[in-house]
Amino acid sequence: MLWAMKKLKWKDYDLIFSYLDELFPNADTELHYGTPFQLLTAVILSAQTTDKQVNKVTDGLFKKIRNPEDILKMWHKAFENAIKSIGLYKWKAKHIYETSKILAENGWIIPKEEKELIKLPWVWEKTAKVVLYVLYNKPVIAVDTHVHRICNRLWIVQTKTPLQTSKLLEERIPQQYKAIAHHCIILFWRYHCTARNPKCDNCHLSTLCLYYSKNYKKCQK
Ligand code: SF4
C-alpha cells in the first residue's frame, strides 16, 4: 500500500520534542569520559559497537589514558589488547594512534569544525558530529541507521538512506529543538522506539507515526 506523504507542522515538532524531552530530561551521552581526548577516543571506539561495551573497556583504560601523549607512550600491542573486546579493534587502535600523533603535534586541540575533524583518521561525519555536539554544543545531529529509522517513522524526513537523512535533518528540525535533538533521538531509539517491538502502546507520538499507522491502526479496524 502507498502511504501519502505527510509534511510536519510546527505543532508536530512541538509534540515530538516536548515528548522526547519529557521522556529523557537532560539527555546526555552515555559514553563515559573525563577529557575531550577521551570523548573523541570513546566515540571512535563506539563505531559499530554499543556504548555499554565501550564503557566496559574505557572505565579502566581511561585511568591510564587522559591525553594523546598517554596513548603514544603506551606500547601499541598493549593498547590493542586493552580494547580487543571491541569490534574492529585493530583498525581502531591503529587510527587512534595516528590521531594521537596528529593531536600531540597540534597542542592536543580537538578541532571545532567538522571539515577539520574529518581529516583525522577514522573520524567520519557521524563521529565528527557527535564530538561537535557533545564537546562544543554545536547544533548538529549525527545520523546512523537508528536515527534514520526514527526520523522516517515520525515523518521528519522521508528518505531511503541515512546519508539522505543526514543531508536533510538539520534543516528540518526547528532551531529551538536543535540543542536537545541529538541525544533525545538517540535515547528514544535505544529505549523506547526500538527497531523491534517499539513501545507503541505507551507512546504519545502514535498519531504522527507511520509505523503505527501501518502496523496497529489496521488491526484495530
Ligand atoms: S508509535 Fe511506536 S513506532 Fe511510532 S514513534 Fe511511538 S514507539 Fe515509535
Side-chain angles (χ1 to χ4, degrees), residues 6 8 11-34 38-59 62 85-87 124-135 137-159 161-162 165-166 168-170 172-174 176-217 219:
K6 179 166 163 178
L8 292 188
K11 67 178 175 54
D12 301 323
Y13 285 106
D14 288 343
L15 174 65
I16 292 170
F17 287 103
S18 57
Y19 181 54
L20 265 53
D21 195 30
E22 186 188 315
L23 280 180
F24 306 106
N26 307 313
D28 202 349
T29 179
E30 294 192 306
L31 289 169
H32 298 168
Y33 72 99
Q38 287 177 341
L39 175 77
L40 175 62
T41 305
V43 179
I44 292 174
L45 290 175
S46 71
Q48 297 180 37
T49 307
T50 63
D51 288 1
K52 232 181 200 172
Q53 185 59 33
V54 172
N55 290 337
K56 267 192 208 164
V57 167
T58 55
D59 282 350
F62 285 170
S85 59
I86 291 177
W124 312 103
E125 182 189 317
K126 179 180 162 258
T127 311
K129 285 190 169 173
V130 175
V131 171
L132 292 172
Y133 184 84
V134 177
L135 279 188
N137 298 319
K138 298 241 178 168
V140 291
I141 302 164
V143 175
D144 59 12
T145 53
H146 304 288
V147 172
H148 169 68
R149 179 183 74 246
I150 298 294
C151 292
N152 275 279
R153 280 180 177 177
L154 291 174
W155 293 98
I156 295 172
V157 294
Q158 294 93 50
T159 50
T161 66
T165 300
S166 183
L168 286 175
L169 196 53
E170 282 163 26
R172 292 279 166 92
I173 293 186
Q176 71 263 37
Y177 297 119
K178 282 187 180 162
I180 62 163
H182 174 86
H183 282 139
C184 280
I185 295 174
I186 289 176
L187 296 182
F188 190 58
W189 72 248
R190 209 169 269 171
Y191 299 111
H192 189 99
C193 189
T194 43
R196 288 187 195 171
N197 305 318
K199 296 177 180 167
C200 300
D201 290 340
N202 185 22
C203 183
H204 295 190
L205 303 181
S206 55
T207 52
L208 287 179
C209 181
L210 177 63
Y211 178 95
Y212 189 86
S213 316
K214 283 181 177 175
N215 294 285
Y216 286 85
K217 265 193 179 166
C219 304

Are Val43 and Tyr33 close enough that some pair of their side-chain heavy atoms sits under 4.5 Å apart?
no
Residues at least two apart in sequence or cross-chain that pass ring pair (Phe, Tyr, Trp, His ring centres under 6.0 Å) with His204, listed by chain then number, are Tyr19
Quick one, Tyr212 and Arg153 - any side-chain contact, counting heavy atoms below 4.5 Å?
no
What distance separates Leu187 CG from Arg190 CZ, expressed to the nearest 0.5 Å?
6.5 Å
Any chance you could measure Ile180, atom CD1, to Ser18, atom OG, to the nearest 0.5 Å?
8.5 Å
To the nearest 0.5 angstrom, please state how far the NE2 atom of His182 sits from the OG1 atom of Thr29.
7.0 Å
Suppose we screen for ring pair (Phe, Tyr, Trp, His ring centres under 6.0 Å). Which residues come up paired with Tyr211, at least two apart in sequence or across chains?
none
Closer than 3.5 angstrom, by distance alone: can the side chain of Lys199 be matched with the main-chain N or O of Tyr191 as a donor-acceptor pair?
yes
Nearest 0.5 Å, please: how far is NE2 in His32 from CG in Leu39?
12.0 Å
Are side-chain heavy atoms of Leu205 and Phe188 found at a separation under 4.5 Å?
yes
What closest approach, in Å, do Gln38 and Gly34 show between heavy atoms, and which atom pair accounts for it?
OE1-N, 2.6 Å
Neighbour count >12 (heavy atoms, 6.0 Å) for atom CG, Asn26:
no
Side chains of residues 126-134: which donor-acceptor partners sit under 3.5 Å, not counting sequence neighbours?
unit_1, atom_1, unit_2, atom_2, d
Lys129, NZ, Glu125, OE2, 3.3
Lys129, NZ, Glu170, OE2, 2.9
Tyr133, OH, Ala179, O, 2.4

Can you check whether Cys209's main-chain N or O pairs, donor with acceptor, with Ser213's side chain at less than 3.5 Å?
yes
Could you grab the distance from atom CG of Leu23 to atom SG of Cys203, nearest 0.5 Å is fine?
7.5 Å
Would you call Ile44 and Trp124 a side-chain contact if the rule is heavy atoms closer than 4.5 Å?
no
Side-chain heavy-atom pair Leu154, Ile185 within 4.5 angstrom cut-off:
no
In terms of heavy-atom contacts, Ile86 and Thr49 come closest through CG2-OG1, 3.7 Å
In this structure, CD1 of Ile141 is separated from CD1 of Ile156 (nearest 0.5 Å) by 8.0 Å
Using every non-hydrogen atom in the two residues, find where Asp14 and Gln176 come nearest and quote the distance to one decimal.
OD1-NE2, 4.3 Å
Side-chain touch Asp21/Tyr177, heavy atoms, less than 4.5 angstrom:
no
Contact summary for Leu8 and Trp155, nearest pair of heavy atoms:
CG-O, 3.6 Å
Student check: side-chain heavy atoms of Leu15 and Leu208 closer than 4.5 Å:
yes
Under the side chain to side chain contact (heavy atoms under 4.5 Å, CB included) criterion, do Thr41 and Thr58 qualify, and how do the steps go?
CA-CA 9 Å; Thr41 305; Thr58 55; 5.7 Å; no
Could you report the tightest heavy-atom contact between Asn152 and Gln158, atom names first, then the distance?
OD1-CA, 3.2 Å
With the side chain counted from C-beta on, respond yes when Trp189 and Asp144 share a heavy-atom pair under 4.5 Å apart, and no when they do not.
yes
Closest non-hydrogen contact found for Ile173 with Tyr13 is CA-CE2, 4.5 Å
